[in-house]
Amino acid sequence: MAKRHWLVKSEPDAYGWDDLVAEWEAGDNRDYPGQNPGMWDGVRNYAAASHMREMKNGDEVFFYHSQQGLEIVGIAEVAGEHYVDPTDKKAGERKTKFVCVDLKPVRSLANPVSLKQIKANPELAEMKLVRQGRLSVSPVTDAEWKEILKMAGE
DNA sequence: GCCAACGTTGGC
DNA sequence: GCCAACGTTGGC
């Protein structure tokens, strides 16, 4: 099964790339001690959740900073496939449960790729990040993945 | 099952 | 801080 690629976004004020790295260094979850480091919890959007259900261990994920920075700052990988989000208090009342995955930092980008650069690149005009800005977890095609790595000078 | 109202996200 | 886009909720 070929590796797939994804993009997740997070507000660095709430939980940024550095926080992800720190959690793995600490070997624990900052906000929910005892839970896995890098637990991607709190997604309450069905489209985003269904993407998380498709994520497989080893898939690579761009980590994007929204609100502040507005750029892809690093690459993470899926280190734990989807499970019911332990922070979803109403999971029992719903037929479709929200889920989370675990993300593990692989490396930060020496040259982050900004939303502005992405929008300026016609190759990336179809990206979900551009077309549907509010989606917090979205698929990235192989071509888009390569193009962005190229822009990052990797 | 439709659709208006409301809430949230996120770029600017 | 504003506003557009979109998702969710709830009345009918």
Side-chain angles (χ1 to χ4, degrees), chain A residues 4-23 29-32 35-55 59-78 80-154:
Chain A
R4 297 187 62 190
H5 297 114
W6 309 92
L7 181 145
V8 299
K9 56 173 64 166
S10 185
E11 299 178 34
D13 276 356
Y15 187 95
W17 173 259
D18 292 343
D19 298 309
L20 180 66
V21 171
E23 279 193 348
N29 190 286
R30 182 193 67 185
D31 298 320
Y32 303 96
Q35 298 288 350
N36 300 335
M39 178 172 77
W40 207 251
D41 64 283
V43 174
R44 298 291 182 268
N45 172 289
Y46 290 111
S50 80
H51 289 138
M52 290 204 290
R53 286 199 180 80
E54 295 173 34
M55 288 184 177
D59 280 2
E60 294 175 304
V61 183
F62 280 137
F63 196 107
Y64 175 83
H65 279 169
S66 61
Q67 312 276 16
Q68 315 252 333
L70 310 186
E71 58 191 9
I72 296 169
V73 294
I75 295 171
E77 69 174 18
V78 177
E81 294 176 12
H82 69 91
Y83 50 96
V84 175
D85 189 336
T87 73
D88 182 6
K89 297 297 176 225
K90 293 184 176 168
E93 301 169 21
R94 239 181 292 103
K95 190 166 54 186
T96 310
K97 322 246 180 258
F98 286 116
V99 298
C100 44
V101 296
D102 297 333
L103 296 182
K104 181 181 181 179
V106 174
R107 64 180 190 276
S108 59
L109 296 181
N111 303 295
V113 177
S114 69
L115 181 64
K116 208 170 171 182
Q117 286 173 271
I118 289 168
K119 285 187 168 174
N121 186 335
E123 302 277 326
L124 301 175
E126 296 300 314
M127 264 193 89
K128 277 282 195 305
L129 178 67
V130 178
R131 309 271 299 203
Q132 201 178 341
R134 292 186 52 208
L135 193 56
S136 61
V137 179
S138 60
V140 175
T141 68
D142 289 350
E144 289 163 352
W145 183 269
K146 282 181 195 152
E147 183 65 20
I148 288 168
L149 286 184
K150 200 163 82 183
M151 291 164 79
E154 300 265 320

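As a basis for the values below, the full set of heavy atoms in this structure was taken, side chains included, without hydrogen atoms, waters or symmetry mates. Just so we're on the same page: letters track the sequence lines, and every chain starts at 1. The structure presented is a predicted model; accordingly, all values stated were derived computationally and were not measured.
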For the residue pair A/Y46 and A/F98, does the interplanar ring angle fall in the parallel (under 30°), tilted (30 to 60°) or perpendicular (over 60°) class?
parallel

If we ignore hydrogens and angles and just use 3.5 Å, is the side chain of A/H51 paired with the main-chain N or O of A/V137 as donor and acceptor?
yes

Under-4.0 Å side-chain N/O to phosphate OP1/OP2 contact, A/K119 with B/dC12:
yes

For A/Q132 and B/dT8, what is the distance between atoms CD and P respectively, to the nearest whole Å?
19 Å

CD of A/Q68 versus C1' of B/dT9: gap in Å, rounded?
14 Å

In whole angstroms, the gap separating P of C/dG7 from CZ of A/F98 amounts to 13 Å

Just how far, in rounded Å, is P of B/dT9 from OH of A/Y15?
18 Å

Here the distance between atom P of C/dG7 and atom NZ of A/K128, to the nearest Å, is 11 Å

Between B/dG10, C/dG7, B/dC12, which nucleotide has the shortest distance from any of its atoms to the side chain of A/N45?
C/dG7

Any donor-acceptor pair under 3.5 Å linking the side chain of A/D41 with the backbone of A/C100?
no

Report yes if a side-chain nitrogen or oxygen of A/Y64 is closer than 4.0 Å to either non-bridging phosphate oxygen (OP1 or OP2) of B/dT9; otherwise report no.
no

Atom-to-atom span, CZ of A/R134 to C1' of B/dT8 - whole angstrom:
5 Å

Please report, rounded to the nearest Å, how far the C1' atom of C/dG7 is from the OH atom of A/Y46.
11 Å

How many whole angstroms separate atom CD of A/E11 from atom P of B/dC12?
15 Å

For A/L135, which contact category applies under a 4.0 Å heavy-atom criterion: base, sugar-phosphate, or nothing?
nothing

What is the minimum heavy-atom distance between A/I72 and A/L109, and which atoms define it?
O-CD1, 3.6 Å

